[in-house]
Amino acid sequence: MDSISATERYRRGPLAVVRFLGLVLLGAVIGAIASLFAVGFVAAVLALNDLLLISPRSRMMFDHPGLLVAITIAVPTLGGLVVGLVHLAIPERRPHAPADVIAAVQTRRGRLPVRAGSLSALGALVSLGAGASVGQYGPLVHLGATLGSLGARLLRLGRSDDNITIACGVAAAIATAFNAPLAGIVFAHEVVLRHYALRAFAPVAAAALVGHVIATNVLERGALFHVADTAVPHPWEFVAFLAIGGLGALVAGAYMGTLLGVTRLAMRLTLPPPLRPALAGSLLGIAALWVPDILGMGQETLRFATIAGAFGSGELLLVLVLKIAATGLCLGMGFGGGVFSPALVIGTLFGALCGSLVGQFSGAPQETFVFYAVCGMVAVTAPVIGAPLTSLLIVFELTGSYALTTAALASVTLASPIAAQLFGHSLFDIQLESRGLDLSAGRGRAVLRSTPVVELLTEECVTLRPETPVAAAVTALCQARHGEGYLVDEQGRYLGCVGLADLEAAREATAGDLRVGGVVRLARSVLAPDTSLWDAMEVLQDVTGEALPVVDAEADDAFLGVVFESSIARAYLAHSDELRREEHGTG
């Protein structure tokens, strides 16, 4: 009790306050750095889009139609080739994304490699600059998280503080990109940390605020788009907003399904991975000759879609379908980029299509058209990123309209639950599940599933040869104070487990020189070196004994040692205690 009290005094004393304030200051510094990187990244993308004739403005001002056709196909193709070569330098041969940030934080193994983060950001910059239909917010989130993780490593902070600095970089990136500090704070908690604690809230808030100040005042960057709120929807229109939410979940599912389907298809192609983005770029360029709105992030398309009459219903449907196909093609074939921006565009197009159809069939005036576009935007975006609160806050901070946010709430009410039931919590979670990390049962199980039992392995056990006399085996177990011995042959292969009681019984019942190999063996499950702590606990439910043997089947059943039940129980309690302190800590 005395040691626990001393620990609590250390955690809540003046030194703890100093440590907490230092963490808040670090959050602000990381927020400033991440914000500057985010602004530079966005500026570089816009400059490349103008230079390479991707942006609508530069394409309109270019007066060589024949050359523009060649450039429209060549730029995405060559850009894809460069991206494929850049990704070759990443150990996993793929760009790192927000899903990797979530995995690092949720498994408490949050060390994001700088090399992979830098190359992923470079690949995303080339992808966006060359007109690939991908988003910029995913790369910014990962870049901010990598900077936060780097700060924690340089200062030699612990795992819990590392997770907080990662969240700081994420919040600053969102706050800078959207001019939405509240959305940045909530996104970091809702999607990355997945819990709220006072210890994390203050540093994350400091990072988001600094990012917001730099984006709006120092560097004078404007908001993503502005919406003039000049009308109030009729009460019956909220039924339409709810319907948009339900249908938006299906659109989000189609978007995610297309992306995942193309990814699986790309894995089966005989084409070398570095050439796949180039193939996608050439197909994108050919399609863009017909519908150039699918090129790039699509911010101009998003802005026009919120204006009544800017697109006809047929045009909205065409661009919507092609945007989903183009984004799935680009991301699935290996371009670097995020899923957030395309989801915003796709959702806005879908909402605008709904608003256009409602106007045509009901004869109602189009003063509330923008409400439909915004409702569609959040109805698709919230399920894709698994963040309904963040989506609502982005609407509120971008538009400053309480009426628009309320209408968006009606859509999110149905969109996120329906999508979660049909497809999963978010695209990030689906991607992680395909890599073997299931977050559906919460963070505790994810941590235990990512902890291999080999970390608890010990060789402090009694190994016996089959030809060992029973009397000698009994003596060895008694001297070691163990109740079980493990049979291992001359080649080190595991043969089974024998208990002290069975050895004693065999010695009493047999007058001759009985060997251990002739004694009845215990029914005992074995663990592989990569068996997770969670799976080991499930095995223990059917085992009565002191330890589980660890056997490497890939090395001819080599016996590596044992994991004691008490070690598994202590590790479980230690992990649970760390998570509780991290999620409920006050400073």
Side-chain angles (χ1 to χ4, degrees), residues 56 59-60 133 225-258 284 287-329 341-384 391 395 399 403-404 407-408 410-412 414-415 418-419:
R59 294 175 66 84
M60 288 179 62
S133 179
F225 68 92
H226 298 278
V227 175
D229 181 14
T230 58
V232 177
H234 300 289
W236 64 265
E237 291 187 287
F238 280 88
V239 177
F241 301 153
L242 282 169
I244 288 175
L247 295 172
L250 301 181
V251 175
Y255 172 47
M256 293 188 286
T258 301
L284 175 72
L289 294 176
W290 182 32
V291 183
D293 303 88
I294 61 175
L295 284 174
M297 291 179 289
Q299 289 188 1
E300 293 300 323
T301 304
L302 185 151
R303 291 190 179 101
F304 279 115
T306 60
I307 302 172
F311 290 109
S313 299
E315 290 176 310
L316 287 168
L317 180 61
L318 175 65
V319 179
L320 170 65
V321 172
L322 286 181
K323 188 66 179 177
I324 292 175
T327 306
L329 178 69
S341 298
L344 290 174
V345 177
I346 291 166
T348 306
L349 290 167
F350 165 70
L353 175 62
C354 293
S356 177
L357 293 176
V358 169
Q360 289 177 22
F361 287 104
S362 69
Q366 293 288 285
E367 285 85 357
T368 56
F369 179 81
V370 68
F371 283 77
Y372 292 87
V374 170
C375 285
M377 183 178 74
V378 297
V380 174
T381 304
V384 170
S391 302
V395 171
T399 65
L404 267 173
S411 294
V412 168
L414 285 184
I418 290 177

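Note that this is a predicted model, so its numbers are computed, not measured. Positions are given from 1 along the sequence.
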Worksheet item: From Phe241 CZ over to Ser411 OG, what is the distance, rounded to the nearest 0.5 angstrom?
Response: 7.0 Å

Item to complete: Mind listing the closest non-hydrogen atom pair of Ala254 and Ile324 along with its distance?
Response: O-CG2, 4.3 Å

Worksheet item: Any chance the rings of Tyr372 and Phe369 have centres within less than 6.0 Å?
Response: no

Worksheet item: Taking all non-hydrogen atoms of both residues, which atom of Gly248 and which atom of Val380 are closest, and how far apart?
Response: O-CG2, 3.8 Å

Fill in: Closest contact, heavy atoms only, Ala288 versus Leu295
CB-CG, 3.6 Å

Worksheet entry | Sequence-distant partners of Leu242, side chain to side chain contact (heavy atoms under 4.5 Å, CB included), two or more places apart | Ala410, Leu414

Worksheet, complete the sentence: When every non-hydrogen atom of Thr348 is compared with those of Ala305, the smallest separation belongs to CG2-CB, 3.7 Å

Worksheet item: Please, which pairs that meet side-chain hydrogen bond (donor to acceptor under 3.5 Å, both in side chains) have at least one residue in residues 242-255, sequence neighbours excluded?
Response: none

Worksheet item: If we ignore angles and hydrogens, is there a donor and acceptor under 3.5 Å between the side chains of Thr381 and Ser391?
Response: no

Item to complete: Compare all side-chain heavy atoms of Gln299 with those of Val345 and state whether any distance is below 4.5 angstrom.
Response: no

Item to complete: Look up atom OG in Ser356 and atom CZ in Phe361, then write down how far apart they are to the nearest 0.5 Å.
Response: 9.5 Å

Item to complete: Identify which one of Val374, Thr368, Val378 satisfies the side-chain contact (heavy atoms from CB on, under 4.5 Å) criterion when paired with Leu404.
Response: Val374

Worksheet item: Does CZ in Phe304 sit with more than 12 non-hydrogen atoms of other residues, nucleotides or ligands closer than 6.0 Å?
Response: no

Item to complete: Take Phe350 and Leu316 through the test side-chain contact (heavy atoms from CB on, under 4.5 Å) and record every step on the way to the result.
Response: CA-CA 7 Å; Phe350 165 70; Leu316 287 168; over 6 Å; no

Item to complete: Take Leu349 and Leu353 through the test side-chain contact (heavy atoms from CB on, under 4.5 Å) and record every step on the way to the result.
Response: CA-CA 6 Å; Leu349 290 167; Leu353 175 62; over 6 Å; no

Discussion item. I'd like to know whether Asp293 forms a side-chain contact (heavy atoms from CB on, under 4.5 Å) with Glu315, so could you lay out the CA-CA distance, the side-chain angles of the two residues, the decisive distance to 0.1 Å, and finally the verdict.
Written reply: CA-CA 10 Å; Asp293 303 88; Glu315 290 176 310; over 6 Å; no

Fill in: Nearest atoms (heavy-atom pairs only) where Leu284 meets Leu329
N-CD2, 4.3 Å

Discussion item. Would the distance check show the side chain of Thr327 and the main-chain N or O of Lys323 forming a donor-acceptor pair, the cut-off being under 3.5 Å?
Written reply: yes

Worksheet item: Once you round to the nearest 0.5 Å, how far does CD1 of Ile244 lie from SG of Cys375?
Response: 5.5 Å

Fill in: Shortest non-hydrogen contact from Ala415 toward Ala249
O-CB, 3.5 Å

Worksheet item: OG/Ser341 to CD1/Ile346 distance, rounded to the nearest 0.5 angstrom?
Response: 10.5 Å

Discussion item. Check the orientation of Trp236 and His234. Use parallel for under 30°, tilted for 30 to 60°, and perpendicular for over 60°.
Written reply: parallel

